[in-house]
2 protein chains.
Amino acid sequence: MKVTLRDLAERLGLSISTVSRALADDPRISRETKRQVTETAKQLRYRPSVLARGLKTRRTMTIGLIVIDVTYPVYASIARGVEDEAHIAKYNVIICNSDSTPGKEYQYIENLLERGVDGVLLTPVGGPTVQWDILEREAIPFVLIEGDDDDSPSSSVRVDHARGGHLATDYLVGLGHQDIGLLCGPTSFPWNRQLYDGYRQALDKAGIPFRSSLVIQADLDLTSSYYAASELLSSAGPPTAIFAGSDVTAYGTYRALSERNLSVPGDISVIGYGDIPIARVLSPPLTTISYDSYQIGKTSARRLFKILEDPEGCGTAHLVIQPELVVRKSAAPPRKGSKGQRGKGQDGPEK
Amino acid sequence: MKVTLRDLAERLGLSISTVSRALADDPRISRETKRQVTETAKQLRYRPSVLARGLKTRRTMTIGLIVIDVTYPVYASIARGVEDEAHIAKYNVIICNSDSTPGKEYQYIENLLERGVDGVLLTPVGGPTVQWDILEREAIPFVLIEGDDDDSPSSSVRVDHARGGHLATDYLVGLGHQDIGLLCGPTSFPWNRQLYDGYRQALDKAGIPFRSSLVIQADLDLTSSYYAASELLSSAGPPTAIFAGSDVTAYGTYRALSERNLSVPGDISVIGYGDIPIARVLSPPLTTISYDSYQIGKTSARRLFKILEDPEGCGTAHLVIQPELVVRKSAAPPRKGSKGQRGKGQDGPEK
DNA sequence: CTGAAAGCGCTAACAA
DNA sequence: TTGTTAGCGCTTTCAG
């Protein structure tokens, strides 16, 4: 059977509390006793019960991490960052996949609460929700990862996606593009509005009029981004460059382009978003916006632990991580005189 | 403060045990009482304490999942599969990254034991280890994922990598290749020996003599696989096809090849292993061996839960998942007369 | 059908 | 410096 404090106590002829204190390195226990205790603890392979301790101290040294889907590289990296930090701080992390559905998110929150987690890290599915209220009511510290806005009641860490959108668009503008298409990602990923904002800002700054026909919504998968890109290309007044909103969307765009014998970046420039592993491997290698998702994980976990250490002492902070442009080969200046080009093939009238 | 059974009991003028039973849907509690209890439970937002319950029942409805690194697509999928299955069975999963180091693996096991997990899922770093002994001694059910061999004392699920290696090699042989290089992955990933075995078997079956100079070891990262591939190519009697042992190794190979102006599959055929997302996106799209890692996760979790339900009733099973060949564009019949080709460039003496 | 009481393994206030 | 005692919130005999 499992060995408990009691077993140690009996074995040593000490009281349970003395043993407990010795193990906790309480200053008022003698060196000698401590030595004996730790020794027989090791010998009998004593393992403290986190359960029992938690029941008493109300701390389980466990946190919950709710991501949208670990299967996406971003969330895997975040998860890894969190776990690494947790391991250092001696916490365990329970992982949950919300699939962007409020229902699952809610279930998991309830679940984590029953588990008595000390805090939770959450990539929220949307704006302020019941879930947040629950956490607040129960006074469980939580930090929002990649939340939609900064008016959350708790700490948060997110990437400055508006900046990212700006960066991408601005780069294209700098290259000389005027007609820049935006393939906006699914709204179930909270950052897409920010991206869009950045896009608009950059356009405004450059004095380029916004054309709504150049913006189109696409899901994250290949086929729907393929179709969205196709639609964009066959519209009247097609773009000379496409900002893809995500790297997989960019790949869908590549496909749509190659289908029409349009070359990247010769005929059309493409820029991605996220810098997932496939980006550098596409041909041409994808120019994209990169941000350190592992760091997001680390940062938010660190933040949470700080709150757990000192619930009062540290206010709520909204940390933001800056994305950066990674220039590879998929964007170039527009073809001369391509302004009115219809983009229906590579063999135009002038050759 | 937190609402407990006691609160409910007081509120209803019942005893704690009655309330407990009502909530557990004990048959000897009257309909009416149950109704009242569940109602006020909902009303007061009662949430049972898994901690307290676990202390009593010795079941925490929590399992540990130790993977090498969630950041690798394979493990992310496995994790997802496990978590999905756990969610259904109402378990929680604590995630751990061992980084293939016995030390971390050991730490996590101890850690999980202190947590009182009901079982653990483990992608082991090597053959039978102390860790397994610990789990056995403590009578914690565990199932091995992608373990090296089948003589494990517990259940296991793994991919038949020998088959995978065979499949890949055999395909190349079928195409007419005789000189097939093998870029064997790092030994910290347990399946590489199996891969190698499959390679040898396929060669034997085809009556092709094995040449050790055609086998070389490479780490998983780009640079080392790049160098390994280069070495292979500049050796005496270079291969006409390369079996890359992993998809990223295959990518490294692509690089080494393009550096020497060797085309895939025109000059050299390449076949990968694992079918991670980048595989279909490389150019040319990578022919590779695929296996369903999400399913591995599901299967192993399911197995574990079955054991937990009925510790005696179900013996140890060794489940194996079959990989399959995914033909894309990176392998083709060898160039005619390429048998003795040196592969130093594309402009050979004969044009 | 319901209640009283013991106890899971631990910590912490209070004594000695 | 060490021991005694009282729970943490729950399940589960054993009584009624």
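Letters A, B, ... are given to chains in the order of the sequence lines, protein chains preceding strands, and every chain is numbered from 1.
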Rounded to whole angstroms, how far apart are CZ on A:R59 and P on C:dT11?
-> 14 Å
Table please: side-chain donor-acceptor pairs of residues 64-79 of chain A below 3.5 Å, with sequence neighbours left out.
unit_1, atom_1, unit_2, atom_2, d
A:D69, OD1, A:T71, N, 2.9
A:D69, OD1, B:R80, NH1, 3.2
A:D69, OD2, B:R80, NH1, 3.3
A:S77, OG, A:P73, O, 3.2

Distance-only donor-acceptor check, side chains B:H161 and B:Y291, under 3.5 Å = no
Between CG on residue B:L122 and CG on residue B:L304, distance to nearest 0.5 Å | 11.5 Å
If you take atom types as modelled and just measure distance, does the side chain of A:K56 reach the base of D:dG7 with a donor-acceptor pair under 3.5 Å?
-> yes
Write down the distance between CG (B:L8) and P (D:dC10), rounded to a whole number of angstrom.
-> 8 Å
For the pair B:K42 and B:E39, evaluate salt bridge (Lys or Arg N to Asp or Glu O under 4.0 Å) and give the outcome as yes or no after the intermediate values.
-> CA-CA 5 Å; B:K42 184 151 298 171; B:E39 182 158 314; over 6 Å; no
Distance below 4.0 Å between B:T4 side-chain N/O and D:dG9 OP1 or OP2 | no
Spacing between B:R47 atom CZ and D:dC10 atom C1', to the nearest angstrom = 16 Å
Contact residues, residues 17-33 of chain B to DNA chain C [heavy atom, < 4.0 Å] = B:S17, B:T18, B:R21, B:R28, B:I29, B:S30, B:T33
Distance in angstrom units between B:R115 CZ and C:dC8 P, rounded = 22 Å
Side chains of B:D84 and A:N97: do they bring a donor and an acceptor to under 3.5 Å?
-> no
Measure from CG on B:L5 to C1' on D:dG9 and round the result to the nearest Å.
-> 7 Å
Nearest-angstrom distance from the residue atom CG of B:L55 to P of D:dT12 | 13 Å
Give a yes/no answer on whether the side chain of A:S49 brings an N or O atom under 4.0 Å of OP1 or OP2 in C:dG9.
-> no
Please list every donor-acceptor pair under 3.5 Å in which a side-chain atom of residues 10-17 of chain A meets a protein atom from a residue at least two apart or in another chain.
unit_1, atom_1, unit_2, atom_2, d
A:S15, OG, A:S17, OG, 3.3
A:S15, OG, A:T18, N, 3.2
A:S15, OG, A:T18, OG1, 2.9

Between atom CZ in B:R53 and atom C1' in D:dT11, what is the gap in whole Å?
-> 9 Å
Out of curiosity, B:I29 CD1 to B:K34 NZ, how far, rounded to the nearest 0.5 Å?
-> 7.0 Å
Can you pull the ring pair (Phe, Tyr, Trp, His ring centres under 6.0 Å) pairs that have at least one residue in residues 5-61 of chain A, sequence neighbours excluded?
-> none
Touch check for B:L14, heavy atoms < 4.0 angstrom, all strands: base, sugar-phosphate only, or nothing?
-> sugar-phosphate
Any side-chain N or O of A:R58 less than 4.0 Å from the OP1 or OP2 oxygen of D:dG9?
-> yes
Just call it for B:L51: base, sugar-phosphate, or nothing, with non-hydrogen atoms closer than 4.0 Å on any strand.
-> nothing
Not counting sequence neighbours, which residues clear side-chain contact (heavy atoms from CB on, under 4.5 Å) with A:T4? List them please.
-> A:R6, A:D7
From CD1 of B:I16 across to P of D:dC14 the rounded distance in Å is 20 Å
To the nearest 10 degrees, what angle separates the axes at the start and end of the helix from C:dC1-D:dG16 to C:dA16-D:dT1, five pairs each?
-> 40°
